[in-house]
Peer 1: 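Provided herewith is a single structure, encoded as structure tokens, for subsequent inquiry.
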Amino acid sequence: MSHEIPFLKPPDQAVFRDHMETKVAHWIRQWDGEEQLLAGIIGIPLSKASISHSGASTTPAAVRAAFKSFTTYSMEYDVDLQDLAVRDLGDIHMHVTDIAECHRRIEASLRALYNAQPDIIPIIFGGDHSTSCPSIQAFVSRHPSQRVGLLHFDAHHDVRNFEDGGVTNGTPFRGILESGAVQGDHIVQIGIRGFMNAKPYHDYVVSKGVHVYTSRDIRRIGMDEVLTQALQLVGKGTDVLYVSFDVDVIDQAYAPGCPAIGTGGVNPWDALDALYRLGTLPQVQGLDFVCIDPTVDVRNVTSRLAVQFMLSFLAGVAARSK
Ligand code: CA
């Protein structure tokens with residue numbers, strides 16, 4: 001026999017709820033395994049491939065916690081996202097010790113997802129940046145008859161040699177270029193910073209035809225112009241685009257919870273505008289955010305920023321059909 005206890009609410013309903021307000025946490029429910037989705041949230045809790053201390057494996061949980069902090073409505077973009085079919089697919093299960101096996105699982109899981117959901121826009125939360133190599137490999141295999149272009153936001157080229165450390169968060173674009181999955185002139189790197197990369201790696205990407213815009217370029221000519229030029233370059237000979245966004249491209253003043261924090265970075269407003277604009281483009285069909293370390297963050301600000309980036313991107317996606 002159950003008793004009605006006045007004013008007593010179950011734990012999941014105990015927080016304040018304004019019945020006129022929809023939070024992102026209410027909107028992005030768990031996927032039921034069947035609903036055809038516009039976009040899906042996928043966590044990749046891997047940080048053992050990071051060359052520096054990283055708790056990036058806790059990012060998916062930190063991001064989900066931040067879903068409670070945002071509403072689905074933006075007067076800035078004149079949009080309410082709550083009717084978009086965006087669901088949380090969960091995390092790709094990582095092996096405890098075998099990093100190569102982790103990378104195999106990422107590619108296998110995403111390939112199977114793309115077979116089941118041919119039109120889904122994956123929004124992936126790593127994990128360290130090593131996860132982007134298998135993510136992009138799966139994305140390329142999804143589009144066998146189309147050529148893929150990459151927009152890579154990062155403070156770093158991420159083309160370190162394999163001899164010193166193997167496959168790490170410093171090598172994803174070395175892996176992509178060496179495998180031939182995406183050709184160099186179909187890649188644009190945006191936000192790369194001086195005094196944080198070695199000359200041989202800059203020479204390497206330039207020799208492969210990769211287009212590079214530095215953080216200083218953004219400061220001097222503006223993100224909008226950089227993006228216009230980048231899209232012209234990456235659009236030549238490609239059909240679909242994938243965006244890999246290392247949050248350490250943002251200045252450490254705004255994104256202190258990254259393993260490779262640095263000064264002189266991009267400001268969040270430029271990145272929010274860029275992600276909205278990328279969201280509006282139908283050719284952009286995949287996105288990842290990587291290299292956040294919530295264990296060194298301040299009040300979850302870096303994960304919260306990543307959620308705001310995601311929402312700005314989705315506001316752009318919502319504008320595609322208008
Ligand atoms: Ca990176």
Side-chain angles (χ1 to χ4, degrees), residues 22-31 37-45 56 58-74 76-77 79-92 110 113 117 120-127 129 131-132 135 139 151-154 190-191 223 227 241-250 254-255 257-258 266-281 284-294 297 300-320:
T22 304
K23 292 285 181 66
V24 171
H26 303 135
W27 159 51
I28 301 185
R29 302 183 300 274
Q30 186 178 327
W31 183 45
L37 302 180
L38 174 69
I41 312 301
I42 301 142
I44 306 182
T58 63
T59 301
V63 161
R64 288 184 180 108
F67 285 176
K68 292 197 286 285
S69 304
F70 292 90
T71 66
T72 57
Y73 169 69
S74 169
E76 293 173 313
Y77 300 121
V79 69
D80 194 323
L81 301 174
Q82 65 177 304
D83 293 328
L84 297 186
V86 181
R87 302 289 174 254
D88 188 343
L89 280 67
D91 288 355
I92 299 175
L110 291 173
L113 172 65
Q117 297 265 330
I120 194 171
I121 300 170
I123 299 177
I124 299 166
F125 288 94
H129 218 156
T131 60
S132 292
S135 295
F139 186 83
L151 287 151
H152 170 208
F153 291 83
D154 205 321
I190 298 172
M223 177 66 92
L227 203 52
L241 298 175
Y242 182 97
V243 178
S244 185
F245 196 103
D246 187 326
V247 181
D248 74 23
V249 74
I250 304 297
Y254 305 102
C258 292
V266 173
N267 76 51
W269 301 279
D270 283 344
L272 288 163
D273 281 345
L275 283 157
Y276 174 79
R277 186 169 162 196
L278 290 168
T280 64
L281 304 174
V284 177
Q285 293 181 18
L287 171 63
D288 68 41
F289 296 101
V290 296
C291 282
I292 298 167
D293 181 353
D297 206 359
N300 211 21
V301 61
T302 311
S303 296
R304 290 164 66 110
L305 186 57
V307 172
Q308 198 174 3
F309 289 155
M310 174 194 83
L311 295 172
S312 296
F313 175 79
L314 287 170
V317 173
R320 290 183 192 183

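Counting begins at 1 with the first residue of the sequence.
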Peer 1: Is the shortest side-chain heavy-atom distance between Phe313 and Val284 below 4.5 Å?
Peer 2: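 Yes, side chains in contact.
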Peer 1: Does atom CZ of Arg87 have more than 12 heavy-atom neighbours, drawn from other residues, nucleotides or ligands, at distances under 6.0 Å?
Peer 2: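 Enclosed: over 12 neighbouring heavy atoms sit under 6.0 Å from CZ of Arg87.
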Peer 1: Would you check if Leu278 and Leu227 make a side-chain contact, meaning some heavy-atom pair closer than 4.5 Å?
Peer 2: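 Leu278 vs Leu227: side chains touch.
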Peer 1: Rounded to the nearest 0.5 Å, how far apart are CZ of Arg29 and CG of Asp88?
Peer 2: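 Taking CZ in Arg29 and CG in Asp88, the distance rounds to 11.5 Å.
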Peer 1: Could you check whether Tyr254 and Trp269 have their ring centres less than 6.0 Å apart?
Peer 2: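 Yes - the distance between ring centres of Trp269 and Tyr254 falls below the 6.0 Å cut-off.
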Peer 1: Rounded at 0.5 Å granularity, tell me how far OG1 in Thr71 sits from CG in Asp80.
Peer 2: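 If we round to the nearest 0.5 Å, Thr71:OG1 and Asp80:CG are 7.5 Å apart.
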Peer 1: Looking at residues at least two apart in the chain, or sitting in another chain, which of them share a side-chain hydrogen bond (donor to acceptor under 3.5 Å, both in side chains) with Asp288?
Peer 2: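 With sequence neighbours excluded, Asp288 shows a side-chain hydrogen bond (donor to acceptor under 3.5 Å, both in side chains) to Ser132, Tyr242, Ser244, given in chain and number order.
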Peer 1: Roughly how far, to the nearest 0.5 Å, is CD1 of Ile123 from CG of Leu287?
Peer 2: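 Nearest 0.5 Å value for the CG-CD1 distance: 5.5 Å.
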Peer 1: What are the two closest heavy atoms between Ile250 and Asn267, and how far apart are they?
Peer 2: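 Ile250 and Asn267 have their closest heavy atoms at CD1-O, 4.3 Å.
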Peer 1: Counting C-beta onward and ignoring hydrogens, is there a side-chain heavy-atom pair between Met310 and Ile28 closer than 4.5 Å?
Peer 2: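 Of all side-chain heavy-atom pairs linking Ile28 with Met310, at least one is under 4.5 Å.
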Peer 1: Does either side chain, that of Asp154 or that of His129, offer a donor lying less than 3.5 Å from an acceptor on the other one?
Peer 2: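 Present: a donor and an acceptor within the cut-off.
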Peer 1: Report the residues that fulfil ring pair (Phe, Tyr, Trp, His ring centres under 6.0 Å) with Phe67, sequence neighbours left out, ordered by chain and then residue number.
Peer 2: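 Applying ring pair (Phe, Tyr, Trp, His ring centres under 6.0 Å) to Phe67 gives none.
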Peer 1: Identify the two heavy atoms, one from Arg304 and one from Phe70, that lie closest to each other, and give their separation to 0.1 Å.
Peer 2: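 It is O-CZ, 3.4 Å.
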Peer 1: How far does CG of Asp293 sit from OG1 of Thr58, to the nearest 0.5 angstrom?
Peer 2: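 It is 6.0 Å, given to the nearest 0.5 Å.
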Peer 1: Which residue is it: Thr280, Asp273, Leu272? I am looking for the one with a side chain to side chain contact (heavy atoms under 4.5 Å, CB included) to Tyr276.
Peer 2: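 With Tyr276 as partner, Thr280, Asp273, Leu272 yield a single side chain to side chain contact (heavy atoms under 4.5 Å, CB included), made by Thr280.
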Peer 1: Testing the basics here: between Ala39 and Leu314, what is the closest heavy-atom pair and its distance to 0.1 Å?
Peer 2: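 Nearest pair, atom of Ala39 first, then Leu314: CB-CD2, 4.1 Å.
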Peer 1: Please step through side chain to side chain contact (heavy atoms under 4.5 Å, CB included) for the pair Leu151 and Leu241, ending with a clear verdict.
Peer 2: CA-CA 7 Å; Leu151 287 151; Leu241 298 175; 4.1 Å; yes
Peer 1: Side chains of Phe139 and Gln285, heavy atoms from C-beta outward: is any pair under 4.5 Å?
Peer 2: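 Yes, side chains in contact.
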Peer 1: Taking the side chain as every heavy atom from C-beta outward, state whether Thr72 and Leu84 have any atom pair closer than 4.5 Å.
Peer 2: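 SC-SC contact between Thr72 and Leu84 ruled out.
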Peer 1: Side chains of Leu89 and Leu113: does their closest heavy-atom pair fall under 4.5 Å?
Peer 2: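 Result yes, sub-4.5 Å side-chain heavy-atom pair found.
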Peer 1: For Ser69 and Val307, what are the C-alpha separation, side-chain angles and deciding distance, and is it a side chain to side chain contact (heavy atoms under 4.5 Å, CB included)?
Peer 2: CA-CA 9 Å; Ser69 304; Val307 172; over 6 Å; no
Peer 1: Which residue is it: Ile120, Asp91, Leu110? I am looking for the one with a side chain to side chain contact (heavy atoms under 4.5 Å, CB included) to Ile42.
Peer 2: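 Single side chain to side chain contact (heavy atoms under 4.5 Å, CB included) partner of Ile42 among Ile120, Asp91, Leu110: Leu110.
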Peer 1: What pair of heavy atoms forms the shortest contact from Ser312 to Tyr77, and how long is it?
Peer 2: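 Heavy atoms only, the tightest pair is OG-OH, 3.6 Å.
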Peer 1: Taking C-beta and beyond as the side chain, do Phe245 and Leu275 meet within less than 4.5 Å on heavy atoms?
Peer 2: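 Answer yes - side chains close enough.
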Peer 1: Rounded to the nearest 0.5 Å, how far does OG of Ser135 lie from CD1 of Ile124?
Peer 2: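 It is 4.0 Å, given to the nearest 0.5 Å.
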Peer 1: Considering non-hydrogen atoms only, spot the tightest contact between Met223 and Ala274 and give its length.
Peer 2: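 Looking at all heavy atoms of both residues, the closest pair is CG-CB, 4.0 Å.
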Peer 1: Considering non-hydrogen atoms only, spot the tightest contact between Asp297 and Ser303 and give its length.
Peer 2: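 Closest approach of Asp297 to Ser303: OD2-N, 3.5 Å.
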